[in-house]
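Throughout, a chain's letter reflects where its sequence line sits, starting with A, and its residues are numbered from 1.
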Amino acid sequence: MSRTHVSCNINGDDVEFLCDAGESLLDALRDEMRLMGAKEGCGTGDCGACSILMDGRLQCSCLIFAPEADGAAIVTVEGIADGDHLHPLQQCFLEGAALQCGVCTPGFLVAAKALLDRNPDPTETEVRYALAGNLCRCTGYDKIIRSVLAAADRMKEEVAG
Amino acid sequence: MAQVHFSSNQRRLTGGVAEIEIEAATVRELMRKLEEMYPGIRAHLDQTSATAVAIDGDIIPDPMYEPVPPDAEVHLITPLAGG
Amino acid sequence: MTITEQRPSYRYVGTRPVRHDGLDKVVGKARYAADLVLPGMLYGHILRSPHAHARIVDIDTSVAEAMPGVRAVITGADFPDLPADDPERNMTRNLMARDKVLYEGHAVAAVAAATRRQARDAAEAIEVTYEVLPHTLDILEAMEPGAPLLHDDILTTGLDSEPSEPSNVANRTCYERGDIEQGFASADVVVEGEFLTKPIHQGYIEPHACVADTGQDGKTVIWCSSQGHFRVRSQTAAMLGWDTSRIKVIPAEIGGGFGGKTTIYLEPLAVELSARAGRPVKMVMSRDEVFRATGPTPGSVIRVKLGATGDGRITAAKAWLAYESGAFPGVWAMLGCMCVVSPYNVENFLIEGFEVVVNKPVNAAYRAPSAPMAAFATDTLVDEIARRLDMDPIDLRLLNCPSAGDQAPYGPKWPLIGLRECLEAIRDSEHYRSAPAAGHGRGVASGFWFNIGEASSATVNLNENGTATVVTGSPDIGGSRASMALMAAEELGIDVHAIQPVVGDTEVVGFTDVTEGSRATFATGMAVVEACRDLKGQLRGRAARMWDCDVEDVEWADGRATHSGGEHEPLALADITAEAGRTGGPLGATASLNARGAGPAFSVQVTDVSVDDETGRVTVERYTTAQDAGTAIHPDYVEGQMQGGVVQGIGWALNEEYIHDADGVMENPGFLDYRIPVASDLPMIETIIVEVPNPNHPYGVRGVGEVGIVPPLPALANAIHDATDARIRELPMSPPRVLAAINSGNGA
């Protein structure tokens, strides 16, 4: 079976890979690019553990065919930090104990980044609805929500500062 | 003398006796004496998975070599599982 | 908020440092089993039964074996058939069916191939001829004489007379005390009811996964997601008929377990496929497989009757409990019996439990296994008593509250427990003292769980720069590495981030039981403390050598050695480790123990709900949980366990259930139709950490992992009743069921 050639930008790097036509972007990221941050929790778009940004939009990478990524700009959890400088969301997740097992954490961070990119001052309710597509079974969400709100505050301070 | 308590299931083997006193230094000795008094009780305990003992409230899952303090309260129970 | 009883002041214990494994988890570098890639690695895929109950007549693998990329195909016949009395026999027959399939999703064969797709296609090409048998899915139906039998060798134990015929009832358990006739005769109020719950799944987000690499030397290395890699080793050895020394298990990061990863599903299959193919084999379940083939917690039918005097004292309890254990028997009914009235002092009771097999996936432990269903029954009825007597439900519970020295219903006397303190914490909380908002209903409930100790090992090595490495055998499923580091920091007197906590594989650390029963911080923490105390003795000896004085003249406090005569400047730990090579060699200590005296756990919770009377949807408006942690080592992760447990309980109470069609095929094996709580369903979960230190642990720790899931079922049922007058005795309290209850006006 011939494979499909894909060129795209992942976390700032121009990359090329070969994939099967029916392969999910999640599998391509993990199998072809060895980017293991996005996780498969369900493979049906229900859990959000594979969340990525594609051209700025939040997507479940398990629901996208890898060839669809041709020409796109993709951000995964590995691309959120600025070099060694953690994104405020990552820092607040650590300080706020917003993770236990950590397997949903990459998806939550990407989804929360997508929220704060478009709404830098969300209410608790807005955070809860923005993250309703991401499942966490460990934390009961309390510390995740608090950490996202704390990160929004910190980012506002940085802008104002 | 340790006080040994029997659950309702176990009383079937003890002729209805709910509690007895036994002099035993270890759980192994206690079990041997129980078997002499109530033949078949060890097989019953194995069969009903009552392979643990609680000695003065402390549940010990694999207790054969465990010392039995004088005047201890002993219950023959199931080892616990957990999530 | 923390209630702190008088206790020593600690420098590290009770603080909230960033967890050591956190950074890798927020940048996507933490390595879970499914993330591992080895050179030449193949992919495994399992063929599963489409039938709930069938005899396997024939399995033809010839087509599959000839397909592209296929390197190995295995079936049940490729594993030894364990004798009937082997305790692991049922486990092996769950991992790979022999003779019969016992539930839809039961594994029948497995394939290893070069790609995932090739493996799946080949598995689907295996031809299995089944003779379909009648099945049974309902507990009460399965208990009836004449019900389809899953096994022909189950003779019910614990009956008054030995049965002559096999049945689906594996055992009867009975707990009895006092005289229940007299107990009910002295009651002024008697309440009773039948309560029904469905199987629900632990719902960890990471599906089961492993990689096995079997070498030509007959040894294998397994990387896997598990709550206990030593049990993975022993169970894998049992299924393969191997000596355990041929198997090394390396724990990967684990993406949630909650009891569901205390047993194995994939590992022996991967090892056998790898042995046959001569290549590493990765196996990763799909979510569909996780639902169909891994352990849910039992469905149950529980009938409870309670009597109380006019002033609220419970005089008698009668309980009948039946738990479905799936295709093989477990200990679930027995545990339910031991929990059903445990938060209450009851002088007269008769508790009877039945373990029933049905054609559904084999149950596994789930967070305080069997306790939530039992509490659902009892604590709903306790609420009814409070209403009948017009008593405050907390006051009623305080009146009947056991404390140290009282006889627990399952036998022994209670040690020091904190139920009363949890009840008082809720009673005195801002939440409970403020009235519910207009239209909201309020419910309270309490819950009990044993907690367990078991075997743990720890090795602590001091590095030449004055830092320490703490190696334990307990997979970290909720932040336990941070707790180990905090206890080691407290003992050694060095900064918590100068300590590297590590989960060691089966060849680098001593035997350690599974992370289950809320035991890791309690039991493994105890081993860490013991090893650190050994090290402190060694450090004093090294200081004595450096000072050329008697070791008796050296004291160790606050992370440094001081000379009792004041003749020498104190030596910091790093000063001593820097000289270790010249004073006797590296400093390290190991402790292995069987932890005794796990303190029982209690939680009391209050919730306010609103109910949409047009749709029946229940909204949790406010939730507060109080739980006795003994001593909270890392309060953030104690709160995390409390909050996580509550939210799992909310899901169980309101939404989650296994739905099977008439053929025994699961109809909702995905997160779209099996709906676990999401962020927008919930309020913040307010926590009150109660600390009644456990005298059996050097820092007073009680396990905190499990009990939080127990009270939400009755607390929500009681709150829904308060809001609507509808008394719902069947879970989940999903919108259609709540709406029907409101419309039928079944007030109590």
Under 4.0 Å between a Lys/Arg side-chain N and an Asp/Glu carboxylate O for [X] and [Y]?
X         : Y         : result
Arg117(C) : Asp121(C) : no
Arg128(A) : Asp681(C) : no
Glu656(C) : Arg137(A) : yes
Glu23(A)  : Arg30(A)  : no

[X] versus chain A, the contacting section by heavy-atom distance below 4.5 Å:
X         : result
Val27(C)  : both
Tyr204(C) : backbone
Gln202(C) : backbone
Pro17(C)  : neither
Ile254(C) : backbone

For the interface with chain C, which of [options] has the highest count of heavy-atom pairs at distances below 4.5 Å?
options                                  : answer
Thr44(A), Leu99(A), Leu89(A), Thr105(A)  : Leu99(A)
Cys104(A), Ala132(A), Gly45(A)           : Ala132(A)
Ile145(A), Leu35(A), Val77(A), Thr125(A) : Val77(A)

| In terms of ring plane angle, is the pair Tyr141(A) and Phe108(A) parallel, tilted or perpendicular, where the classes change at 30° and 60°? | tilted

Would you say the side-chain atoms of [X] pair up with the backbone N or O of [Y], donor to acceptor, closer than 3.5 Å?
X         : Y         : answer
Asn11(A)  : Thr76(A)  : yes
Asp35(C)  : Tyr32(C)  : yes
Glu206(C) : Val103(A) : no

Interchain contact, [X] with chain C, by part (heavy-atom threshold 4.5 Å):
X         : value
Glu40(A)  : backbone
Ile80(A)  : neither
Thr139(A) : backbone
Asn134(A) : neither
Leu86(A)  : side chain
Arg146(A) : both

Of all of [options], which one pairs up most often with chain A through heavy atoms under 4.5 Å apart?
options                                    : value
Glu253(C), Arg116(C), Gln641(C)            : Arg116(C)
Gly645(C), Gly28(C), Ala30(C), Ala482(C)   : Gly28(C)
Val646(C), Val37(C), Ile477(C)             : Val37(C)
Ile685(C), Asp476(C), Asp21(C), Val678(C)  : Val678(C)
Val26(C), Leu23(C), Asp24(C), Val647(C)    : Val26(C)
Gly479(C), Gly256(C), Gly203(C), Gly478(C) : Gly203(C)

| query | Does the ring centre of Phe671(C) sit less than 6.0 Å away from the ring centre of Phe291(C)? | reply | yes

Would you be so kind as to tabulate the donor-acceptor pairs closer than 3.5 Å made by side chains of residues 57-70 of chain A, with sequence neighbours excluded?
residue	atom	partner	partner atom	Å
Ser61(A)	OG	Cys50(A)	O	2.8
Glu68(A)	OE2	Phe65(A)	N	2.8
Asp70(A)	OD1	Ser7(A)	N	2.7

| request: Kindly indicate whether the side chain of Gln91(A), heavy atoms from C-beta on, has any atom under 4.5 Å from the side chain of Arg154(A). | output: yes

| task | Report the residue from Lys261(C), Glu289(C), His208(C) that forms a side-chain contact (heavy atoms from CB on, under 4.5 Å) with Thr294(C). | result | His208(C)

